[in-house]
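Okay, structure first, notes after.
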Amino acid sequence: MRSLKTTTLAPLVASALATLALACSGQSGTTPNGSGMDSGAGSAGSAGSDAGTSGSDAGANSGGGHGGTGNAAGSAGMSAGDTAGTSAGSAGAAGTGGVGVAGAAAGMSGSSGSSGAAGSAGMAGSGGSGVVFPPNCTCLKLGPPACTPTGNVTYTLAKSANPTTTEQAAYNAITCAMEGAVAYYNCNTAITKQLNVSYVPSVATADGNFNGSIRFGNTSDMQCVTAMHEIAHTVGVGTAPQWGTYSVAGVFTGMTAIAQLRTITGVATDVLHSDTQHFWPYGLNYVTEAKSVADLIDHCLMVTAIRKDMGLQ
């Protein structure tokens, strides 16, 4: 319950001189593919001249939208052929309904006067419908994960009927934080939990309770990694009655969790540390603990294993 501290293809249709479109969604597996980096549709790379000039940069925020219309990232067209070779850079285009595909490939060079071929298609994302961030919201500066959700963590944010400017700013920040956190939990766990979230200025940082409540107070703690930490508390980490049975003398003794940790690290002697409310590593007890998407996923795997040890599957 102690809060975090912030130290915070439908194949590609190609034709020279034609506009190419490629939708982009988040990451597949543990590696993000252009998720949330640029949003909007990019224009096609320009044709090469007789001298074989380069295509122009694509995916430069020239259309499309955020959130429900997907994020996009285009790459530059490569140089044209020797004579009259043409090349089209592949453009990032807005996805629809948040259903994206990963990555955009560059147009290939023309050769000996033949037209340059379009770049090969980016591999399709593994589902992504239903995983959409609000405009301008990210998690670790990345867009939503691409997945078919397996979890069912949901939340309701309590709001004032007539919010002040400060309250509205807090609601916006909390929404971004919770959308990111819930997306990663639902993509990487099978946990079901209804959360009741609120903005409480008197709360020094943020806290989470086994009853499903999460309170945010400090603006700097209204971010995705913090929210994931607090969700862990709501699903039993440091809060379930069984926690004290397994958190003994500074270590968590549950064999499922220990095995999961060692699988992640590859170190057969690793120990899962814990106190009365937290575990580490991968507890996201500080925002700086999360340096990659893999860290967020590993957090989810550890929470799942800890819950299994405590009989909370």
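Computed over heavy atoms, backbone and side chain alike; hydrogens, waters and symmetry mates excluded.
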* Structure fact -> Tracing side-chain contacts under 4.5 Å among Ile, Leu, Val, Met, Phe, Trp and Tyr outward from Ile258 reaches Met255

* Is the backbone N or O of Thr189 less than 3.5 Å from a side-chain atom of Thr150, with the two atoms forming a donor-acceptor pair by type? -> yes

* Structure fact -> Sequence neighbours excluded, the answer for ring-ring contact (aromatic ring centres under 6.0 Å, His included) partners of Tyr155 is none

* Indicate yes or no: at least one non-hydrogen side-chain atom of Met228 is less than 4.5 angstrom from one of Leu296. => yes

* Structure fact -> What one should report as the nearest heavy-atom pair of Gly180 and Cys224 is C-SG, 3.7 Å

* Asked: Who passes side chain to side chain contact (heavy atoms under 4.5 Å, CB included) against Thr245, sequence neighbours left out?
  -> none

* To do: Output all residues satisfying disulfide (SG to SG under 2.5 Å) with Cys300, sequence neighbours left out; order by chain, then residue number.
  => none

* **Residues forming a side chain to side chain contact (heavy atoms under 4.5 Å, CB included) with Gln168, sequence neighbours excluded** => Pro163, Tyr171, Asn172

* Asked: If we only count heavy atoms from C-beta on, is the His278 to His273 side-chain gap below 4.5 Å?
  -> no

* Pair Arg215 + Asp207: basic N to acidic O under 4.0 Å -> yes

* Asked: When you look at NZ of Lys308, are more than 12 heavy atoms from neighbouring residues, nucleotides or ligands closer to it than 6.0 Å?
  -> no

* Any residue meeting ring-ring contact (aromatic ring centres under 6.0 Å, His included) with Phe252, in chain and number order, not counting sequence neighbours -> Trp243, Tyr246

* Taking C-beta and beyond as the side chain, do Val131 and Pro149 meet within less than 4.5 Å on heavy atoms? -> yes

* Asked: Which heavy atom in Ala204 sits nearest to a heavy atom in Asn218, and how many Å separate them?
  -> O-CB, 3.2 Å

* Looking at side-chain heavy atoms only, is the closest gap between Val235 and Val303 below 4.5 Å? -> yes

